[in-house]
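Computed from a prediction, not measured in an experiment: that's the story for all the values here. Atom set for the values below is all heavy atoms of this structure, side chains included, hydrogens, waters and symmetry mates excluded.
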Number of protein chains: 2
Amino acid sequence: MEAVGRMAGVSQVTVSRALSDPSKVSADTLRRINEAIAATGFVPNAIAGALASSKSRLISALVPSITNTVYASLVRAFSARMREADYQILLSETGLDPEEEERTIAAHLSRRPDAILLTGIHHSPRSRQMLLASGIPVVEVWDVTNSPIDICVGFNHEATGQAAAAFAHEQGHATAATIHAIDERAHRRSQAFATRFAELTGTTATVVPTESMATIAQGRAAMARLLDTGFRKGFVHCSSDVMAHGVIIESTVRGFSVPEDIAVLGFGDQEFAGHVVPTISTIRVDREAFGRTAAEALLDRLDGGRDNAGTVDLGFEIVRRDSA
Amino acid sequence: MEAVGRMAGVSQVTVSRALSDPSKVSADTLRRINEAIAATGFVPNAIAGALASSKSRLISALVPSITNTVYASLVRAFSARMREADYQILLSETGLDPEEEERTIAAHLSRRPDAILLTGIHHSPRSRQMLLASGIPVVEVWDVTNSPIDICVGFNHEATGQAAAAFAHEQGHATAATIHAIDERAHRRSQAFATRFAELTGTTATVVPTESMATIAQGRAAMARLLDTGFRKGFVHCSSDVMAHGVIIESTVRGFSVPEDIAVLGFGDQEFAGHVVPTISTIRVDREAFGRTAAEALLDRLDGGRDNAGTVDLGFEIVRRDSA
DNA sequence: CTGTTAGCGCTTTCAC
DNA sequence: GTGAAAGCGCTAACAG
């Protein structure tokens, strides 16, 4: 800035002003400064700016996995909104390990982000403490709780499982199974489904956990195991559309018809769900809305808003298609 | 650090040393400092550190879209490796617009990243200039060129299209079409396919562009259009597995059999390709390898390596399954 | 509208 | 092994 200022015949501060608020500088000065910037190829140093102003214009975002469409589209919507407001996103994957999340949170906080987005509501005590101590707005997405760290935007996972059980029951299914990926929230949806199904029908649903994240291969394998143990007819609740797709394929290949023999309900309403054959009935959650709402809540706070702490439940909706 | 030092009975610099290189501090001092850190909940300010040392330990990464599995898994592998080396990733989507990329590059460079990863080899002149002026290592991934900005890790898109045409020809197909998403590289793969197919068979392949990114719905719609214009038998080259999946679904629904009537070749070897019915023949590129190789090249450079500029072609492979 | 003076919280010399 | 001093490149008051 010093050099740019010299070239434009002004001091360093004036250059700073021209960049941060052009209206504070005379038209002629502004022109000369811009020329000097163009000539030198000057790129302001945001690190120095952040240190001096203690505003980093950086938002940190932590998700379990970015290859999972569900989180990726949430982050996309979140980033897009934050970027409009001139914030950048420091993104990290935390995987499934809370220890890993704790380390990542510490690393992110050292960059002094202006706010932070976390996935889920379970964080280690030390994580909570660091977050609270940092004093920045925190938004937890993709789940709801009565005791958020700060802001929380999500939906009730148990409620989706219960709604799925009611849906199965209404359709007269007397037998059911629930297949879920290795994911704490998927597990809770499955459990809620099984519990409510038992309450409604008196019959226990088989819970089939898989050893990894949701893939078609895992869905097929899980369904294969279920069929091998004698499952012949009934309702299959899946923790994701990808799993459901695998379940449908395996069932069809083995000669069962969907939904007549086996009715399948997915979760997430991913793009393909409405376009494969048979189309997949699913539980829709508006992923983009989570990202957008989380961003708005944070922006409101960053603009001086104080009273929007608390939980927002964005709900869900069962989308009935051909598979169930 | 001042406060931590006071509590531990040492100066601020000693705290700094204890954190950056514990071996420079006596065992006893180290212990007292660590106690003080634990007691105060001190989190070092990486912004100040970066300003003082002019090393940000930040790597910026620009991809067209994070919801596209192809780029997401590439970034995943890249981030994982960089993180092992204690670097964090500043990630942004650039979309399809080069202007947008230029703005994003400027914003990223202002954070003084230690290196930068870009997707593709086409960047605006001003982008190239800023990148060069920044003096940091630059890696371009997912394509190859004879004139990389610095390091380049990718594969030859034209070559994949040509190989696909040869593959179609070997199987005796006399008619062909190629469907591609709105993506410059997908377009080049399609063109290369059409050109080589014409050279080999004397027959022109129909090129079917779609108006958006790859989705099953787009694949189905494109195939519907193709069938509506009289396509009945032949080879369909697709710019992605997702498109291919849509093509297969639409063909099947309309009573055509795959691969007997219509042979379909995808691109990317995504997870589902080997598990849907029929399994999808595809062109595999090792996405994780691109991310990992790019990371290694950057790390080498950041560790003082100087001579690894240039292009690495990681190639591709046709995976023959049931759809073609 | 523009300039001067102080830092922001670290790392980097250079002493001791 | 430890400390003192001098910045890194900006922004934030405060003058004028």
Using a heavy-atom cut-off of 4.0 Å across all strands, would you classify A:Ser53 as base, sugar-phosphate, or nothing? sugar-phosphate
Given D:dA13, D:dT2, C:dG9, the nucleotide with the shortest approach to the side chain of A:Leu51: C:dG9
Rounded distance (Å) that lies between atom P of D:dA12 and atom CG of A:Asp21: 11 Å
Students often get this wrong, so: under 4.0 angstrom with heavy atoms, is A:Glu2 touching a base, only sugar-phosphate, or nothing? nothing
Whole angstrom is fine here: how far is it from NZ in B:Lys55 over to P in C:dG9? 21 Å
Base D:dG3 paired with B:Arg17 side chain (donor-acceptor, <3.5 Å): yes
B:Thr14, nearest nucleotide to its side chain (from D:dT11, D:dG7, D:dT2): D:dT2
For C:dG9, does OP1 or OP2 lie under 4.0 Å from any side-chain N or O of B:Ser16? no
Is B:Asp114 close to B:Ile136 at the side-chain level, that is, under 4.5 Å between some pair of heavy atoms? no
Can A:Phe290 and A:Phe155 be said to form a ring-ring contact (aromatic ring centres under 6.0 Å, His included), step by step? CA-CA 9 Å; A:Phe290 291 113; A:Phe155 63 98; 5.7 Å; yes
Using a 3.5 Å distance criterion without hydrogens, assess whether the side chain of B:Asp150 forms a donor-acceptor pair with backbone atoms of B:Ala309. no
Taking any heavy-atom pair under 4.0 Å as a contact, classify B:Val13: base, sugar-phosphate, or nothing. base
Touch class at under 4.0 angstrom, heavy-atom based, for A:Ser23 against every strand present: sugar-phosphate
Rounded interatomic separation in angstrom, taking CD1 from B:Ile47 and C1' from C:dC8: 10 Å
Is B:Arg81 salt-bridged to B:Glu84, going by a charged N under 4.0 Å from an acidic O? yes
Which part of the nucleic acid, if any, lies within reach of A:Lys24 when heavy atoms closer than 4.0 Å are counted: base, sugar-phosphate only, or nothing? base
Under a 4.0 Å N-O cut-off, is there an ion pair linking B:Asp28 with B:Arg32? yes
Taking only side-chain N and O atoms of A:Ser54, does any of them lie within less than 4.0 angstrom of OP1 or OP2 on C:dC8? no
Euclidean distance, atom CD1 of residue A:Ile33 to atom P of D:dC10 [Å, nearest integer]: 13 Å
Sequence neighbours excluded, every pair satisfying side chain to side chain donor-acceptor pair (under 3.5 Å) that has a member inside residues 131-144 of chain A: A:His123-A:Glu140, A:Asp143-A:Arg188
Roughly how many Å is it from CG in A:Leu19 to P in D:dG9, rounded to a whole number? 16 Å
Counting side-chain heavy atoms from C-beta on, which of C:dT11, C:dC10, D:dT11 comes nearest to A:Ala52? D:dT11
Return the nearest nucleotide to the side chain of A:Asn45; candidates are C:dC10, D:dG9, D:dG3. D:dG9
Can you measure A:Arg31 atom CZ to C:dC1 atom C1' for me and round it to whole angstrom units? 16 Å
Within this structure, what is the CZ-to-P distance between B:Arg111 and D:dG9, rounded to whole angstrom? 17 Å
Just N and O in the side chain of A:Ser20: are any of them under 4.0 Å from OP1 or OP2 of D:dT11? no
Residue whose closest nucleotide on DNA chain D lies nearer the 5' end, A:Ala46 versus B:Arg32: B:Arg32
Please tell me which of the listed nucleotides, D:dG3, C:dC1, C:dC10, lies nearest to the side chain of A:Ser26? C:dC1
